[in-house]
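What you see below is based on every heavy atom in this structure, not just the backbone, and it leaves out hydrogens, waters and symmetry mates. Everything numeric here is computed off the predicted structure, so don't read it as measured data.
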Amino acid sequence: VSSSAAPSPAAIGEALGQAVEQAIGRWDAAPDLERWLASFYQYYELKGYRGVLAVHFLHLAALTFMIAFSFLLFFFVDWESILSCSSEESCRAVSLFYVLPFHQVGPWRTLVFLCFLLFLAYWLFNAVNTYHTFRDAAEMSQYYKERLGIASDDVLPTLLWSEVVSRFVQQQRERPVCVVQDELTALEVANIIMREDNYIILLTNHHSFTSRFPPWIPRRLAYTRAVLGCLRAAVFRWAFDKRSRLREEFVTCPEKLGRRLRWMGLLNLFLVVPVLIFVTLVFFMRHAEEFRSHRTSPFRREWTDYAKWTFREFNEYPHQFKERMRSAQASAEDYVSATRPSTPVRDSLQRFLKFVAGSVLAVLLAVALWDDAPLLFVKIQDKNLLWYLAFFGFLFAVADNAEDPTQPPTAFGSFAGAPLAMHTAMMRLVRCTHFLPPSWRAPAPLAALAGGCNGSQRARLCQHFERIRGDFLRDFFVHRIQALAEELLGVVLAPLLLIVYLPEAAPDIVDVIRRSRHRSQNL
């Protein structure tokens, strides 16, 4: 009887190693599937590694410049000496910077230095986040090339997102990224990537964030960046565990969410001054030159963040939503033009201001072309002509941009303001926004809108459409300067909202999330 020799320990170890390598070769398991898919989508949205690198690196560079430049202006520059000089000789003797900047630091410069330290901590947080983003993008670049067969990032602009997802779904069957199930559908991919945004859309549809607001606080303030960022951190950073499942503690104890919101409000109250300074500096550096050069009018209308969350649909990716809202911009401007009432008083006043300011500017510019010395040394009411040049230039810009000059003429012509024209413009807008509440529906048949009604019915129809126009321009489509001012107001009111009103809405928030959750055996 013959017997085979027993395998040696070395052979057993080699066989186990080969089995492990085969298993690793089959699985591309992601430890955090939600983060992995978010990076997967961002890589496509920014069109490859170079796009991710450019967006995040330049954001960090702009943040670095803003912090360093503002610290230089407010800490090292001797503004008291600069603003006190009144003649050319005295201004020449003024030192631009403090000789000993860290000597005899007053209360204002102490506050500036403390704000600089807070901004520096924020910069470090962004730098770490940028590093992780670059690392994830490098992994995504390898995955796109080796697993999806997309050899170059230059191909991404020509591919639809649905095509990329189809390749990923096929790759999931061969080398799974999700280890709890063998297959992932395109719907499941969208659900994972859009989970947090879908919850915000749901809470917006149920008015959960604003259910306890008093009438004097506009609902759109809850969707400013300061308030919504705190809501995201307080709600979604605690609602889910490491496996992305809803915590039972979150569902059963809404009062704990209320306490988290109050603590977030206290933190905002402590940081309200530096955050307000930071946001003001960002807005000033980003928009001041655009407004001065007329490249962007401060009176041009734009969508509020509340409008974007109201109009957005479930599982609608950001790039798809941006494209839809870009087409909705033109429809919204046509709607505003078609429903604008006749205002001869305002138009006459606007023309008068432009005429007066333009005449004074013409004279001052003629003087400047002849010799610039009078602008500096000729004074009227203790102000030199250069000050009046800036003042009347600002007045002319305000009068000239009271209505956006780039707005195209309405397609309704002389019929603008008629009930049928108002209804038609609104329906074109609804086709883009996908938003038509019951109170906006026409209270009469199309025949009446077309002119088959008497004077009283026509007046009621016009009042109905004017009310809709007022709601639309108040909550959804506001002037850009108003949107910027409300962002600053959101920073100031964030402590009040987070300490007083939003904790009262915590049961409503938890109830909506609890009723919408779905149980799966794969989780």
Side-chain angles (χ1 to χ4, degrees), residues 33-34 38 187-188 190-268 304-316 321 434-440 471 475-476 490 493-523:
L33 183 62
E34 184 175 4
L187 176 60
E188 291 171 328
N191 287 337
I192 297 173
I193 296 176
M194 294 292 300
R195 182 184 62 171
E196 187 172 316
D197 287 356
N198 282 339
Y199 272 117
I200 296 179
I201 296 170
L202 178 68
L203 294 168
T204 302
N205 293 341
H206 286 80
H207 307 289
S208 300
F209 291 146
T210 59
S211 60
R212 308 300 173 92
F213 279 16
W216 59 273
I217 297 181
R219 291 178 295 179
R220 58 185 181 273
L221 288 183
Y223 294 85
T224 56
R225 296 180 182 179
V227 180
L228 189 59
C230 293
L231 283 172
R232 282 181 180 269
V235 177
F236 300 108
R237 299 300 176 270
W238 176 57
F240 304 101
D241 59 15
K242 295 182 179 179
R243 294 183 59 185
S244 299
R245 298 174 302 183
L246 270 177
R247 300 178 187 270
E248 286 298 326
E249 185 180 14
F250 174 84
V251 176
T252 57
C253 300
E255 62 275 4
K256 292 187 177 181
L257 175 60
R259 285 198 295 268
R260 288 176 62 89
L261 290 170
R262 289 190 178 92
W263 279 111
M264 190 69 69
L266 292 175
L267 179 62
N268 275 263
T304 63
D305 288 338
Y306 174 65
K308 294 175 182 178
W309 288 110
T310 302
F311 299 159
R312 195 170 178 182
E313 297 179 347
F314 293 108
N315 282 347
E316 186 174 18
F321 180 69
H434 304 170
F435 178 74
L436 183 63
S439 60
W440 286 16
D471 295 341
D475 291 331
F476 304 118
L493 292 182
L496 175 66
L497 299 180
L498 290 167
I499 295 175
V500 179
Y501 298 111
L502 285 171
E504 296 180 359
D508 301 334
I509 297 174
V510 172
D511 180 64
V512 170
I513 295 178
R514 177 182 56 80
R515 288 189 287 111
S516 63
R517 66 175 175 175
H518 170 71
R519 298 183 182 275
S520 174
Q521 297 180 354
N522 295 325
L523 299 179

Practice item. Might you work through the side chain to side chain contact (heavy atoms under 4.5 Å, CB included) test for R245 and R517, ending with a clear yes or no? Key: CA-CA 9 Å; R245 298 174 302 183; R517 66 175 175 175; over 6 Å; no

Exercise for review: Begin with the C-alpha distance, continue with both residues' side-chain angles, and end with the deciding distance and a verdict on side chain to side chain contact (heavy atoms under 4.5 Å, CB included) for M194 and F314.
Suggested key: CA-CA 8 Å; M194 294 292 300; F314 293 108; over 6 Å; no

Review point. Passes salt bridge (charged side-chain N to carboxylate O under 4.0 Å, His left out), E255 versus R262? Steps please.
Key: CA-CA 11 Å; E255 62 275 4; R262 289 190 178 92; over 6 Å; no

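The shortest distance between side-chain heavy atoms of E316 and H434 does not fall below 4.5 Å. At a threshold of 4.5 Å between non-hydrogen side-chain atoms, the residues L497 and F213 count as touching. With a 4.5 Å cut-off on side-chain heavy atoms, V235 and L257 count as touching. Between R312 and D197, the closest side-chain pair of non-hydrogen atoms falls below 4.5 Å.
With F240 as the aromatic partner, R195 meets the cation-pi criteria of under 6.0 angstrom to the ring centre and within 45 degrees of the ring axis.
Of the N and O atoms on the side chains of N198 and N315, at least one donor lies less than 3.5 Å from an acceptor on the other residue.
Taking the ring-ring contact (aromatic ring centres under 6.0 Å, His included) definition, one finds that F311 meets it with W303, F435, F476, sequence neighbours left out. For R514, the salt bridge (Lys or Arg N to Asp or Glu O under 4.0 Å) partners two or more places apart in sequence, or in a different chain, are D511. Partners of E249 according to the salt bridge (Lys or Arg N to Asp or Glu O under 4.0 Å) rule, which considers only residues two or more places apart in sequence or in another chain, are K256. In this structure, the ring-ring contact (aromatic ring centres under 6.0 Å, His included) partners of W238, at least two apart in sequence or on a different chain, are F250. With sequence neighbours excluded, the residues satisfying side chain to side chain donor-acceptor pair (under 3.5 Å) with D508 are S211, R212.
A506 and G258 get closest at one heavy-atom pair: CB-N, 3.9 Å. A pairwise comparison of heavy atoms in M264 and A233 identifies CE-CB, 3.9 Å as the closest pair. Of all the heavy atoms in V512 and S208, the pair that sits closest is CG2-OG, 3.3 Å.
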Cut-off 3.5 Å, no hydrogens considered: what does the side-chain donor-acceptor table look like for residues 218-231, sequence neighbours left out?
from	atom 1	to	atom 2	distance (Å)
R219	NH1	Y306	OH	3.4
R219	NH2	D475	OD2	3.4
R220	NE	E486	OE1	3.0
R220	NE	E486	OE2	2.7
R220	NH1	R474	O	2.9
R220	NH1	D475	OD1	3.3
R220	NH2	E486	OE2	2.8
Y223	OH	T204	OG1	2.9
T224	OG1	L221	O	2.9

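Under a 3.5 Å cut-off, the side chain of H207 and the backbone N or O of L203 do not form any donor-acceptor pair. Without hydrogens or angle criteria, T304 side chain to A307 main chain gives a donor-acceptor distance under 3.5 Å.
Here the CG atom belonging to L261 is positioned 15.0 Å from the OH atom belonging to Y501, to the nearest 0.5 angstrom. Remark: I509 CD1 to Y199 OH distance equals 13.5 Å, nearest 0.5 Å. To the nearest 0.5 Å, atom CD1 of residue I200 and atom CZ of residue F236 are 5.0 Å apart.
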